[in-house]
**Student:** 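Mind having a look at this structure? Questions to follow.
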Protein chains: 2
Amino acid sequence: MNRKHERIAGERGTIGAQTAKRRADGGTTRDSGASRRRGPRLEDAILDAAWDVLVEHGYHGFTYEAVATRVGTSRPVLYRRWPQRDDLLLATLTKFWQPIAVPDTGSLRDDAIGFLHNADADRAGMITLMSVQLADYFRDTGTSLSELRDTLLPPGQATAFETIVARAVERGELPDVPRSSRVVNLPLDLFRHDMFITMRSVSDESIVEIVDEVWLPLLGVPGAPSASSAPAPPA
Amino acid sequence: MNRKHERIAGERGTIGAQTAKRRADGGTTRDSGASRRRGPRLEDAILDAAWDVLVEHGYHGFTYEAVATRVGTSRPVLYRRWPQRDDLLLATLTKFWQPIAVPDTGSLRDDAIGFLHNADADRAGMITLMSVQLADYFRDTGTSLSELRDTLLPPGQATAFETIVARAVERGELPDVPRSSRVVNLPLDLFRHDMFITMRSVSDESIVEIVDEVWLPLLGVPGAPSASSAPAPPA
DNA sequence: TGCTTACGATTCACTTGCGTATCTTATCGC
DNA sequence: GCGATAAGATACGCAAGTGAATCGTAAGCA
C-alpha cells in the first residue's frame, strides 16, 4: 500500500549524508582548471547556446535553466546580464538576425526563385522559429510576428521583392507602373505560409510553382503560364 | 543552514494529525447539495472548459490543473477519461471543429469574399489557435498543422475554393480548364498567412484585396484589375 | 429502498523553473 | 605578484504542474 512512502522516507533519511558528501567533494564537480570564459567571449557563448535552445525547444523551453546548462555555466551569470527573459531573447534574436541575400541575376524570375531559395536555406530554422516556436512569446507579450519583425528590421528599407521588382523595372523587363505591396511581396508570403503549414523546408517545386504559376502571371510577364495552362488538376 | 529540512521535517510530523482533521471535516468543504454533473453532461462541461482554456492560454497553458479548475472539478476526473494530455486535446479539437460555410451567391467574387469573411468570423480564434497556440504541441509531437488538419478534415473532400471554382465553371463564369491546386486555394492561403502574421482578425480590405488583386486576375476573370492598375504603390 | 458507480475533494512525493543570495576562486589589470 | 572583478557553484524559498492514491458521498438504477 504505502510502498512509495516508505521508499521515499528512506531516501529522505540520507539527505544529511549526501550533503556531507557534497562538501567533501569540495565543489570540484566540473573540469576545474579549464579556462574560465569572461566578458564578450562568455557572452557570445551564452547567446550561441541560447539560440540553439530556442531553435530546438522553442520559447517554452527557452529557460535560464536550459541555456545555462547548455553553455556550461549557472543561471546567476545570465541574470547578471539579462534580468528579464525578454532581454535575453531579444539579444539572441538580434545577434542571429541577418538579412537574406537578394540575388541579382539580371532576370526577374531567377531573382525571385533564387531569393526564395536563399530564404529556404538561410531561414529554414529561422522562420520556423519566429512563426511557430515563439508562439508562447507572442501570446505572453500580446505582440505578433509582424511587430517583432518590425523591431528587428532596419526601418524604411525596401523589402527583397520590392528590390527585385525595382531592378526588373530598371532593366525594362517590367513596365514602370504602380503595384500593390500585396502583389509585389506575394512570393515571400506564400513561401512563409508553406513553411508555416508544413513545418518543413519548402521544396524547389513549390518555389518554382509560386513564381511561375502565381507571381509572374500576376505581374503580367509575357510567356509566363496563363491561368489556363496550369499543369496540375485541382486534385 | 538546514532550515528547509527542519521545517519540512516539522510539517511531515503533522501529517497524521492533518489526515485526522480532514476526516473529521467530513469533506463538506464546497457547496454540497448542488447538483453533481455526471456522464455526458460532465464530459461536455469539461470539453467546453478545455476549449476555453486552450483558446485563452494556448497549448502551454492547457494543463489538467487549469481545465479542472475552470470546469469546477478535480484532475482525477479528467485523468479517468483522458489519460494522456493529447487525448484531451484531440477530444476538445474534435468537438469544436466544424467546417466553414461556403456561400453560394451565384458570383465567383462574392463567393470568395463571403467565404473568407465566414472564415474570419468563425475561425478567428480557431486558426489562430491551430497555428500559434498549438506550437508546443506540434513541437512535442513532431507533427505539423497540415497533418493535424488532415486528421480533423473528412478525407477526399473538395476544399472550399475548389467548390467555389467548380460552381463558377458550371455557371459558365469560368472556362472549364485545369487549374493548379496552388492557384485555386490561394485565397485561403493568403488569408491564413495574414492571420498568422498579424495574430489578428483579417480586415475586409485585405480580403477584398486578396480576391480582387490576386485571385481573380490569376483566374483570368474579365474586368478584374490587371497587374498595372493596382492602387497602392509598393510603400 | 438499497446498491453500485463514479464524482468531488484532498493529499502526497516529485519535478522543473524562477529569482535571489551567498561563497569560492579563476582571471585580468595594475 | 596582488587586489579587484566577476565567473561559477550551490542553496534557498517559492510556485506550478504531474500522476497517483484515497475517501466520503451524491447520483442513477434495479
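Reminder, nothing fancy here: chain letters follow the sequence lines and each chain counts from 1.
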**Student:** Where the side chain of P76(B) is defined as all heavy atoms beyond and including C-beta, which of dA9(C), dG8(D), dG17(D) is the nearest nucleotide?
**Tutor:** dA9(C)
**Student:** Given atom CD of E43(A) and atom C1' of dA6(D), what is their separation to the nearest angstrom?
**Tutor:** 13 Å
**Student:** Could you work out which one of dC7(C), dG8(D), dT18(D) sits closest to the side chain of L42(A)?
**Tutor:** dG8(D)
**Student:** Base, sugar-phosphate or nothing for S74(B)? Non-hydrogen atoms, less than 4.0 Å.
**Tutor:** base
**Student:** Taking only the side-chain nitrogens and oxygens of R75(A), find out if one of them lies under 4.0 Å from OP1 or OP2 of dT20(C).
**Tutor:** no
**Student:** Does the Y79(A) side chain pair with the main chain of Q84(A), one donor and one acceptor, at a distance under 3.5 Å?
**Tutor:** no
**Student:** I need the CG-C1' distance between L78(A) and dA7(D), as an integer number of Å.
**Tutor:** 11 Å
**Student:** Starting at CG of L88(B) and ending at C1' of dG19(D), how long is that distance when rounded to a whole Å?
**Tutor:** 15 Å
**Student:** Could you check whether any side-chain N or O of W215(B) sits under 3.5 Å from a backbone N or O of V183(B), counting only pairs where one atom can act as donor and the other as acceptor?
**Tutor:** yes
**Student:** Looking at T73(B), I'd like to know whether one of its side-chain N or O atoms comes within less than 4.0 Å of OP1 or OP2 on dG8(C).
**Tutor:** yes
**Student:** Output the rounded distance in Å from CD (Q84(B)) to P (dA20(D)).
**Tutor:** 9 Å
**Student:** Rounded to whole angstrom units, what separation is found between the CZ atom of R41(A) and the P atom of dA6(D)?
**Tutor:** 17 Å
**Student:** So, does Y79(A) get its side chain near the phosphate of dG19(C), meaning an N or O under 4.0 Å from OP1 or OP2?
**Tutor:** yes
**Student:** Rounding to an integer number of Å, can you tell me how far Y64(A) OH sits from dT10(D) C1'?
**Tutor:** 19 Å
**Student:** Figure out the CZ/C1' separation between F62(B) and dG17(D), and round it to whole Å.
**Tutor:** 14 Å
**Student:** Do E209(A) and L190(A) make a side-chain contact, defined as non-hydrogen atoms from C-beta onward lying under 4.5 Å apart?
**Tutor:** no
**Student:** Look at R81(A) and dA7(D) and indicate whether a side-chain polar atom (N or O) is within less than 4.0 Å of OP1 or OP2.
**Tutor:** yes
**Student:** Heavy atoms from C-beta onward define the side chain here; which of dC7(C), dA7(D), dC18(C) lies closest to that of V77(B)?
**Tutor:** dC7(C)
**Student:** Using atom CD of E65(A) as one end and atom P of dT20(C) as the other, report the distance to the nearest whole Å.
**Tutor:** 15 Å
**Student:** Does some side-chain heavy atom of I46(A) sit less than 4.5 Å from a side-chain heavy atom of V67(A)?
**Tutor:** yes
**Student:** Between F62(A) and L88(A), is any pair of side-chain heavy atoms under 4.5 Å apart?
**Tutor:** yes
**Student:** Do R80(B) side-chain and dG8(C) base share a donor-acceptor contact under 3.5 Å?
**Tutor:** yes
